[in-house]
Amino acid sequence: MRPFASGQLLADGQNVPGFGGAPVWLVVIKVVAVFAFLVVMTLFAIVFERKVVGRMQNRIGPNRTGPWGTLQALADGIKLAFKEEIIPLLADKPVYFLAPIISATPAFLAFSVIPFGPEVSIFGHHTMLQLTDFGTGALVVFACSSLGVYGIVLSGWASGSTYPLLGGLRSAAQMISYEVAMGLSLVAVFLYSGTMSTSGIVGEQQRIWHALPLCVSFIIYAIAIVGETNRAPFDLPEAESELVGGFHTEYSSFKFAMFFLAEYINMITASAMAATLFLGGWRAPWPLSLNSGFNHGWWPMLWFTIKVIIGIFVFVWLRGTLPRMRYDQFMHLGWKVLLPINLVWILAVATMKILGDRGWPSWKSVVIVVVPVLIILLFVFWAQEAAATRKRALAVLEHDQQVRLGPTFPTPPMNLVVPSPRRLAPRAATPVEVGVTAGRAATEVDGDEDD
């Protein structure tokens with residue numbers, strides 16, 4: 001990668017057009033537009049999540065604030081901003097104040113390299129619908145997601161409380177574990193497209209979206225970003241049953257709103273990155289893509305927004321349907337399932353790339369490489385499932401043997417309907433009860449004599 005005199009960059013032998021020599025006013029317009037898009041999408045995502053989950057649970061959802069409850073997210077934001085702020089006595093105040101900022105700032109920054117559309121005309125100036133891009137633009141999103149970990153970890157440590165500290169440690173282990181899987185899934189995209197520029201990756205999907213030839217990477221990325229954004233069923237740093245609220249338990253008012261905002265912006269960024277890497281970016285879906293007019297002008301921004309909303313819906317769908325996983329299951333999935341599959345798949349993609357460079361047709365390389373890899377992965381999963389089934393069968397057999405042989409030690413009767421032996425045996429009367437009974441008998445005799 002080497003710089004041009006005009007400020008543009010050369011990535012993998014190809015320059016990235018439309019980003020050099022832009023006037024300051026145009027850059028300011030783009031920054032404000034990206035910020036406004038994220039804020040509006042966050043408000044939409046909050047109401048959308050409540051509506052969708054309410055629909056799934058046969059509830060109405062928010063319907064009071066604004067028409068059809070559409071202003072509920074704005075009311076929540078105003079409420080959080082004006083609530084009383086409580087700072088723990090043992091908190092490390094400088095870090096306590098900086099942690100929400102460190103968590104929210106990278107979430108906004110990651111969207112700077114996401115392409116919204118192709119080149120358009122803004123007040124007579126032709127520019128790309130993207131804030132900026134360079135040869136390693138996709139790695140910016142990866143780096144920003146890594147920086148967000150610091151805000152969560154520091155917030156748990158600076159609170160001076162046990163539960164936030166445990167939530168922060170959980171979040172650090174979780175994000176580091178699933179960042180590995182997410183990064184390896186990006187490697188396959190870089191190998192296949194031949195560039196790390198986000199606009200270049202979108203340009204490589206003109207013929208076919210990456211979600212089809214790189215289906216394994218797409219599935220792994222979709223799983224990894226759910227763990228990376230701390231969303232259900234991977235919201236273990238915020239597990240109410242163990243850690244109350246997790247790393248942000250001791251936060252309130254506007255600082256809690258910053259964590260709330262960072263979570264939803266990370267969800268929007270993850271959906272936008274999935275659309276950029278695997279779903280054609282701003283390109284229109286088939287059959288609309290057959291008409292070239294739908295991929296020019298301002299139409300692509302509509303297709304990009306729809307893809308982002310579909311990604312948000314998947315996040316909400318997972319939250320409304322799947323229960324929270326155990327922590328050991330979660331780590332087992334990240335290190336022992338996603339990581340080995342990713343490594344094998346990267347070797348397969350590299351082999352297909354080499355065969356394609358040597359002139360092999362794409363269908364032939366796919367048949368020779370992908371089909372054996374999928375067969376091997378299916379065989380491994382079948383072997384693991386068969387081993388787990390045998391283990392469960394042995395456990396059931398051992399339990400049946402223990403039940404058939406009976407206990408080797410005395411146990412109390414389990415049938416609670418049987419009366420106690422103490423109630424069945426006659427109880428000897430106490431001297432007081434004997435005296436009371438004799439007095440009653442004497443009184444009855446005297447009464448009979450008077451009659």
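Just so it is clear, the structure is predicted and the values come from calculations on it, not from any experiment.
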Distance, nearest 0.5 Å, that separates OG of Ser112 from NZ of Lys30: 11.5 Å
From Leu279 atom CG to Ser271 atom OG, the distance as rounded to the nearest 0.5 Å: 10.0 Å
His210 and Tyr192 aromatic centres sub-6.0 Å: yes
Nearest heavy atoms of Leu333 and Ile223, plus distance in Å: CD2-CG2, 4.3 Å
Distance (rounded to the nearest 0.5 Å) between Ile309 CD1 and Phe44 CZ: 4.0 Å
Contact summary for Tyr178 and Leu338, nearest pair of heavy atoms: CE2-CD1, 3.7 Å
Worked verdict on Asn230 versus Gln174 for side chain to side chain donor-acceptor pair (under 3.5 Å): CA-CA 8 Å; Asn230 291 334; Gln174 171 175 333; 2.9 Å; yes
Candidate pair Ser289 and Gln206, rule side chain to side chain donor-acceptor pair (under 3.5 Å), full reasoning: CA-CA 9 Å; Ser289 59; Gln206 182 176 0; over 6 Å; no
Euclidean distance, Ser185 OG relative to Ile219 CD1, rounded to 0.5 Å: 11.5 Å
Pair Arg170 + Asp235: basic N to acidic O under 4.0 Å: no
Short N-O contact, Glu250 and Lys255, less than 4.0 angstrom: no
Modelled atom types, side-chain donor and acceptor of Thr229 and Asn266, under 3.5 Å: no
Side-chain heavy-atom pair Ile46, Gln72 within 4.5 angstrom cut-off: no
Parallel, tilted or perpendicular: ring planes of Phe330 versus Tyr327, cut at 30 and 60 degrees: tilted
Gap separating the CH2 atom of Trp303 from the CD1 atom of Ile306, nearest 0.5 angstrom: 5.5 Å
Candidates Phe256, Phe259, Phe97, Phe260 - the one meeting ring pair (Phe, Tyr, Trp, His ring centres under 6.0 Å) with Tyr251: Phe259
Electrostatic pair Glu385-Arg390, nearest N-O below 4.0 angstrom: no
Where Pro67 and Thr70 come nearest, the two heavy atoms and their spacing: O-OG1, 2.9 Å
Distance in Å, Thr42 OG1 paired with Ile268 CD1, rounded so as to fall on 0.5 Å steps: 3.5 Å
Plane angle bin for Phe37 and Phe116 - parallel if under 30°, tilted between 30 and 60°, otherwise perpendicular: perpendicular
